[in-house]
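Data first, discussion second: the structure below is written as structure tokens.
The structure presented is a predicted model; accordingly, all values stated were derived computationally and were not measured.
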Amino acid sequence: MSEAEHSPLTNVSIQTFATEADRALHDGRWAGIEKETMARLEANGLVSFKSMKVWNKDSDLLHVHIFEYSSPDAFKACLPIWKEMEAIVFPGLAVKVVAYRGVATDLRV
């Protein structure tokens with residue numbers, strides 16, 4: 001097996017909302033499904049999740065989320081859950097989402 005098959009897969013998702021109302025609607029919808037969704041993701045190999053407030057931005061319209069999966073296969077197993085979440089949380093919102101995915105190459109504590 002390759003090194004990539006044994007390394008955690010990381011996904012960094014950056015969401016930029018057009019308005020405060022879009023961000024608030026997103027947050028409210030996510031709050032309604034967060035507990036169940038996170039449990040399902042963890043059961044499929046999500047090992048950590050972090051949300052970040054960006055210090056060098058004055059706006060609350062930017063969300064950064066960092067997800068780490070136990071393997072690329074775990075990430076693939078979580079994709080259908082994310083698609084379900086998107087269908088609930090994102091309809092009608094003005095938001096730009098950019099995702100970066102990669103395999104961890106330097107793991108330090």
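Cluster annotation: Ile81 is connected to Met85 through the hydrophobic network of ILVMFWY side chains, with a link wherever side-chain heavy atoms come within less than 4.5 Å. Both Val54 and Val12 belong to a single network of hydrophobic side chains, linked directly or stepwise wherever heavy atoms of I, L, V, M, F, W or Y lie under 4.5 Å apart. Under the 4.5 Å side-chain heavy-atom criterion for ILVMFWY residues, a single connected hydrophobic cluster contains both Phe90 and Leu41. Residues Phe49 and Leu62 fall into different hydrophobic clusters, defined by Ile, Leu, Val, Met, Phe, Trp and Tyr side chains chained together at heavy-atom separations under 4.5 Å. Met52 and Met38 are assigned to two separate hydrophobic clusters, defined by single-linkage of ILVMFWY side chains at heavy-atom distances under 4.5 Å.
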Which atom pairs, one a donor and one an acceptor, fall under 3.5 Å between side chains of residues 26-34 and the rest of the protein, sequence neighbours left out?
unit_1	atom_1	unit_2	atom_2	d
Asp27	OD2	Arg23	NH1	2.2
Arg29	NH1	Val89	O	3.0
Arg29	NH1	Pro91	O	2.7
Arg29	NH2	Pro91	O	3.4

Donor-acceptor pairs under 3.5 Å, side chain of residues 92-103 to any protein atom, not counting sequence neighbours: which ones?
unit_1	atom_1	unit_2	atom_2	d
Arg101	NE	Asn11	OD1	3.3

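Ring planes of Phe67 and His65: tilted class, angle from 30 to 60°.
Remark: of the listed residues Asp73, Asn44, Thr37, Asn44 is the sole one forming a side chain to side chain contact (heavy atoms under 4.5 Å, CB included) with Cys78.
Between Phe17 and Asp60 there is no side-chain heavy-atom pair separated by less than 4.5 Å.
How far CD of Gln15 is from CG of Leu61: 12.0 Å, rounded to the nearest 0.5 Å. Between Ile14 atom CD1 and His63 atom NE2 the span is 12.5 Å, to the nearest 0.5 Å. Here the OG-CZ distance, from Ser70 to Phe75, works out to 12.5 Å after rounding to the nearest 0.5 Å.
The two residues Ala74 and Gly45 have their closest heavy-atom pair at CB-CA, 3.7 Å.
Screening residues 35-49 for salt bridge (Lys or Arg N to Asp or Glu O under 4.0 Å), with sequence neighbours left out, gives Arg40-Glu84.
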